[in-house]
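Chain letters run A, B, ... following the sequence lines, proteins first and then strands; every chain starts at 1.
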Protein chains: 2
Amino acid sequence: MAFEKQIRDPEQTKLRILAAAKVEFAQKGLGGARVDVIATRAKVQKRMMYHYFGNKEALFARVIEAVYSDFRDAEAALEIEKQEPIAALQKLVAFTWQYYLENPELITLINSENLHKAKHIKNSQALQKLNRRFVERMRALLERGATAGIFRNSLDPVQVLITLSGGGFHYLTNHHTGEIVYGRKLMTRQAQAARLQFNTETVLRLVCTTEQLLKMEGT
Amino acid sequence: MAFEKQIRDPEQTKLRILAAAKVEFAQKGLGGARVDVIATRAKVQKRMMYHYFGNKEALFARVIEAVYSDFRDAEAALEIEKQEPIAALQKLVAFTWQYYLENPELITLINSENLHKAKHIKNSQALQKLNRRFVERMRALLERGATAGIFRNSLDPVQVLITLSGGGFHYLTNHHTGEIVYGRKLMTRQAQAARLQFNTETVLRLVCTTEQLLKMEGT
DNA sequence: TCTTGAAATAACCAAATAGTTATTTATGAT
DNA sequence: ATCATAAATAACTATTTGGTTATTTCAAGA
């Protein structure tokens with residue numbers, strides 16, 4: 001039997017499979033995604049996916065891990081600890097929003113992973129470490145702001161982070177049903193800008209002391 | 001051929017299929033759900049599902065519609081328009097949170113529907129009507145509060161609603177990955193209570209005038 | 001009581017799907 | 001050069017799955 005000529009590049013092959021899987025899983029969820037579609041899109045024999053990743057779910061796990069880890073790396077690169085508290089917070093809100101916008105797969109993938117009760121990342125040491133640092137950065141920022149008398153005391157960094165990310169995540173993940181529920185386009189450029197501004201305002205009003213808010217209103 | 005004895009009850013049969021479908025779709029998503037599982041759980045011949053609903057996706061659409069409509073009905077029954085603005089807002093935040101907690105399928109079903117770009121409810125007149133009233137109630141509440149000098153002027157009711165629901169929805173939909181990300185249990189009774197309080201605070205700080213906030217701090 | 005249409009049962013099917021077996025071939029180390 | 005190993009190709013399969021065909025039975029109205 002004459003086989004097609006081979007071009008070998010294991011690293012590229014793995015990357016192509018991961019990239020195709022990310023798109024397919026993001027688009028259809030774990031249950032709806034098709035291994036054949038992934039292979040076709042990756043321009044790879046399906047067998048190679050089993051060779052490098054084992055099975056469909058293991059591939060899914062690797063996709064989730066990669067996506068989360070890219071997100072945290074980007075956030076860490078912001079170096080918000082080098083800016084004054086309010087600017088740092090604004091920057092973080094804007095970054096988070098922008099990242100969601102530019103990486104729509106992140107959102108549907110996280111939703112899929114939650115549908116499966118996070119079982120694919122439950123034991124990832126790497127992710128746990130990345131995320132511990134992430135919470136720590138917010139804790140430090142809140143403390144810095146409180147010491148400066150700008151932020152309220154003893155705010156829970158986890159609650160703030162959830163509200164901060166949720167203001168963007170929830171808007172974007174539910175924008176399809178949202179447009180029906182709220183009877184309005186939510187993804188026009190103006191609507192996006194308005195949401196970022198509103199969410200920034202929400203977080204600032206939540207975190208800043210009332211005195212600080214008065215000051216900023218400039219009355 | 002001797003057939004099993006029949007007990008006929010078309011209404012009950014439809015309801016049993018819907019209830020079983022709600023559980024299965026909520027648990028596995030549209031792509032992961034299995035028609036056979038739904039039939040078995042409903043204790044109904046699979047053929048009946050096709051008889052009453054046409055096909056898998058049409059059944060999914062009916063489930064989504066029912067779930068949304070139940071939610072809005074419950075919210076409307078609150079009659080927040082009969083209470084003073086701050087109490088009304090607190091009641092709405094608490095109700096929304098409680099409803100999500102008691103109806104966890106709602107959350108995963110909405111996520112599923114969004115994964116499919118809301119195509120199953122896009123043309124539902126009934127839902128659009130329900131939701132228009134829902135936004136209108138918030139608009140009226142905000143106006144009432146502003147007139148009383150308690151709430152800030154010209155707040156966008158849609159933005160407020162998204163933030164209000166998102167504070168609960170986002171927390172709950174992502175609580176599985178959240179526990180890993182934040183390294184903390186998020187679904188203990190205490191954690192739940194803390195989240196409701198935090199979200200109530202977030203919304204109040206967002207909506208109330210700064211003067212009103214100062215007053216409530218009682219300084 | 002008879003008729004008829006809808007409700008329910010039972011068995012079946014073609015296509016899709018995750019995963020496998022078998023084979024070939026490139027390449028780096030010896 | 002050759003050999004061992006991993007990379008890649010090709011073809012196949014057992015099962016699952018959404019949906020259908022064929023048949024039976026209940027129950028309400030004439």
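Distance CZ (Phe3(A)) to P (dT23(C)): 9 Å, rounded to an integer number of Å. Separating the CD atom of Glu57(B) from the C1' atom of dG19(D) is a distance of 14 Å, rounded to the nearest angstrom. Remark: C1' of dG19(C) and CD of Gln45(A) are 14 Å apart, rounded to the nearest angstrom. Rounded to whole Å, atom C1' of dA10(C) lies 16 Å from atom OH of Tyr50(B). In this structure, Gln6(A) atom CD and dT23(C) atom P are separated by 16 Å, rounded to whole Å. In this structure, the CE atom of Met48(B) is 7 Å from the P atom of dA7(C), given to the nearest Å. Distance Glu11(B) CD to dA8(C) C1': 15 Å, rounded to the nearest Å. Between the NE2 atom of His51(A) and the P atom of dA6(D) there is a distance of 8 Å, rounded to whole Å.
Between the side chain of Arg47(A) and the base of dT21(C), a donor-acceptor pair under 3.5 Å is found. Interface remark: the Lys46(B) side chain does form a donor-acceptor pair with the dG19(D) base, using a distance-only criterion of under 3.5 Å.
Annotation: side chain to side chain donor-acceptor pair (under 3.5 Å) contacts of Gln128(B) (sequence neighbours excluded): none.
In this model, a donor atom of one side chain and an acceptor atom of the other lie less than 3.5 Å apart for His120(A) and Glu57(A). No side-chain donor from either of Gln90(B) and Thr200(B) sits under 3.5 Å from a side-chain acceptor of the other. There is no side-chain donor-acceptor pair under 3.5 Å between Asn199(A) and Thr163(B).
Electrostatic pairing of Arg137(A) and Glu75(A) counts as a salt bridge here, judged by a charged N lying under 4.0 Å from a carboxylate O.
Among dA8(D), dG19(C), dA8(C), the nucleotide with an atom closest to any side-chain atom of Thr13(A) is dA8(D).
Around atom CD of Glu81(A), more than 12 heavy atoms belonging to other residues, nucleotides or ligands sit under 6.0 Å away.
For the pair Glu4(A) and Glu4(B), both in contact range of DNA chain D, the more 5′-proximal nearest nucleotide belongs to Glu4(A).
Of all the residues in residues 23-41 of chain B, not one reaches under 4.0 Å from DNA chain C with any non-hydrogen atom.
Using a distance-only test at 3.5 Å, with no hydrogens or angles considered, a donor-acceptor pair links the side chain of Lys56(B) to the main chain of Leu30(B).
Regarding contacts with the backbone of dA8(D), a side-chain N or O of Tyr52(A) is found under 4.0 angstrom from either OP1 or OP2.
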